[in-house]
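Positions are given from 1 along the sequence.
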Amino acid sequence: FRSRLGKSVLSVLMLLCFTLFAAGCGDAPVAEASPEVTAFYEKFTDIAMDEDYAALKTAFGRDGTVKEEKVYDDEKVVTYDWDGPEGAQIAVKLKNDKAVWKEITGYHRYDKERHVVSKDTLSAIHVGMTYDEVKDVMAYDGTLVLESTTMGHIHREYEWSNADGSFIRVGLCKGQVTSVNPSGLQ
């Protein structure tokens, strides 16, 4: 009796450990964004590339956390993070108190009616295409996840995600695709 009980307890503990391990591996399905996370994402999209820290602090209602601070050729560069709901995070880099880079992590949106992110759609996207051409291939708008400006050129990255967390990230500069990066596509 004692050995069967011990084996049962051991089996339950092993199953629990496996479940917790699998949940932490990032392979869990991506849920639709909650209203709180969507509102946080909207703050991200509202950040202008020349916005100053005071405006960011007002928009978020609090100070950001300084992640990096450096001086290059008399130009002060500071990266701030703002934590959002459900693990979402926004990072903004300011150069001489003007935003030059922003990125959101932990936010994934997918169109549950059109799961079109696949190796087939990936093979249809090429360097040199425009955003509208990529949107036509994907059948809906991507999610802006990164934007930066360098020497007057704006670089943007968009993601198209599936419910399982797989996605395609497309980078554009001067309105044309410069990079296409898949993750976890079947």
Side-chain angles (χ1 to χ4, degrees), residues 24 26 30-111 117 125-135 138 140-162 165-184:
V30 174
E32 289 186 75
S34 69
E36 295 82 12
V37 174
T38 299
F40 189 68
Y41 176 76
E42 289 170 3
K43 288 181 182 183
F44 169 76
T45 60
D46 289 343
I47 298 169
M49 277 295 94
D50 60 351
E51 203 155 328
D52 64 16
Y53 181 76
L56 292 168
K57 182 178 173 182
T58 299
F60 288 102
R62 58 184 156 59
D63 281 310
T65 303
V66 176
K67 290 298 179 184
E68 182 179 51
E69 187 170 355
K70 295 185 178 184
V71 176
Y72 302 99
D73 298 324
D74 296 326
E75 293 184 318
K76 184 178 180 180
V77 179
V78 183
T79 303
Y80 296 93
D81 284 347
W82 281 270
D83 291 331
E86 301 172 31
Q89 186 178 61
I90 294 173
V92 181
K93 186 176 289 187
L94 290 96
K95 186 179 199 180
N96 293 331
D97 200 39
K98 300 291 180 189
V100 295
W101 175 89
K102 65 180 182 177
E103 181 175 30
I104 188 165
T105 56
Y107 175 80
H108 299 281
R109 177 177 65 93
Y110 69 96
D111 187 324
V117 183
I125 301 170
H126 306 284
V127 170
M129 293 174 78
T130 66
Y131 175 81
D132 287 337
E133 290 171 327
V134 174
K135 184 178 145 185
M138 302 305 293
Y140 62 100
D141 279 308
T143 301
L144 178 68
V145 293
L146 184 143
E147 184 175 6
S148 66
T149 181
T150 305
M151 298 188 297
H153 300 293
I154 295 181
H155 172 81
R156 291 187 176 104
E157 293 186 8
Y158 295 88
E159 282 184 4
W160 283 265
S161 301
N162 286 320
S166 61
F167 63 87
I168 295 174
R169 184 182 269 209
V170 177
L172 295 99
C173 189
K174 297 189 221 176
Q176 293 189 319
V177 172
T178 57
S179 62
V180 181
N181 299 299
S183 178

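- Among residues two or more places apart in sequence or in another chain, the salt bridge (Lys or Arg N to Asp or Glu O under 4.0 Å) test is passed with D50 by none.
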Assess whether side chain to side chain contact (heavy atoms under 4.5 Å, CB included) is satisfied between M138 and I125, documenting all intermediate values. CA-CA 9 Å; M138 302 305 293; I125 301 170; 3.8 Å; yes

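- Looking at residues two or more places apart in sequence or on another chain, you find a salt bridge (Lys or Arg N to Asp or Glu O under 4.0 Å) between R156 and E147.
- Note that the CZ atom of F40 and the CG atom of D83 stand 7.0 Å from one another [nearest 0.5 Å].
- Residues meeting the salt bridge (Lys or Arg N to Asp or Glu O under 4.0 Å) test with K174, sequence neighbours left out: none.
- The shortest non-hydrogen separation linking G184 to S166 is O-CB, 3.2 Å.
- K57 pairs by the side-chain contact (heavy atoms from CB on, under 4.5 Å) definition with Y53, D63, not counting sequence neighbours.
- Looking only at distances, a side-chain donor or acceptor of W82 sits under 3.5 Å from a matching main-chain atom of R62.
- Taking the side-chain hydrogen bond (donor to acceptor under 3.5 Å, both in side chains) definition, one finds that K67 meets it with nothing, sequence neighbours left out.
- In this structure, the salt bridge (Lys or Arg N to Asp or Glu O under 4.0 Å) partners of E75, at least two apart in sequence or on a different chain, are K95.
- Side-chain atoms of Y158 never come within 3.5 Å of backbone atoms of K135 as a donor-acceptor pair (strictly under, hydrogens ignored).
- When the side-chain contact (heavy atoms from CB on, under 4.5 Å) test is applied to H155, the partners found at least two apart in sequence or on another chain are L146, S148, E157, C173, T178.
- With sequence neighbours excluded, no residue satisfies side-chain hydrogen bond (donor to acceptor under 3.5 Å, both in side chains) with N181.
- Interatomic distance, CZ of R169 versus OG1 of T143, reported as 10.5 Å (0.5 Å rounding).
- Residues forming a side-chain hydrogen bond (donor to acceptor under 3.5 Å, both in side chains) with T149 (at least two apart in sequence, or on another chain): none.
- Between the NZ atom of K93 and the CD atom of E68 there is a distance of 5.5 Å, given to the nearest 0.5 Å.
- In this structure the side chain of I47 reaches within 4.5 angstrom of the side chain of I90, judged on heavy atoms.
- In terms of the side-chain contact (heavy atoms from CB on, under 4.5 Å) criterion, residue partners of V66 (sequence neighbours excluded) are, by chain and number, E69, V78, Y80.
- In terms of heavy atoms, L144 sits closest to I104 at O-CG2, 4.0 Å.
- Every ring pair (Phe, Tyr, Trp, His ring centres under 6.0 Å) that F44 has, sequence neighbours left out, goes to Y41.
- For the residue pair W101 and A91, the shortest heavy atom distance occurs at CZ3-CB, 3.7 Å.
- Separating the OG atom in S183 from the CD1 atom in I168 is a distance of 10.5 Å, to the nearest 0.5 Å.
- Looking at heavy atoms from C-beta onward, V37 lies in side-chain contact with Y107 at the 4.5 angstrom threshold.
- In this structure, the side chains of V134 and L172 stay at 4.5 Å or more apart for every pair of heavy atoms.
- The two residues F167 and S161 come nearest to each other via the heavy atoms CB-OG, 3.7 Å.
- Partners of E51 according to the side-chain hydrogen bond (donor to acceptor under 3.5 Å, both in side chains) rule, which considers only residues two or more places apart in sequence or in another chain, do not exist here.
- The neighbour count for K98 NZ, taken as heavy atoms of other residues, nucleotides or ligands under 6.0 Å away, is above 12.
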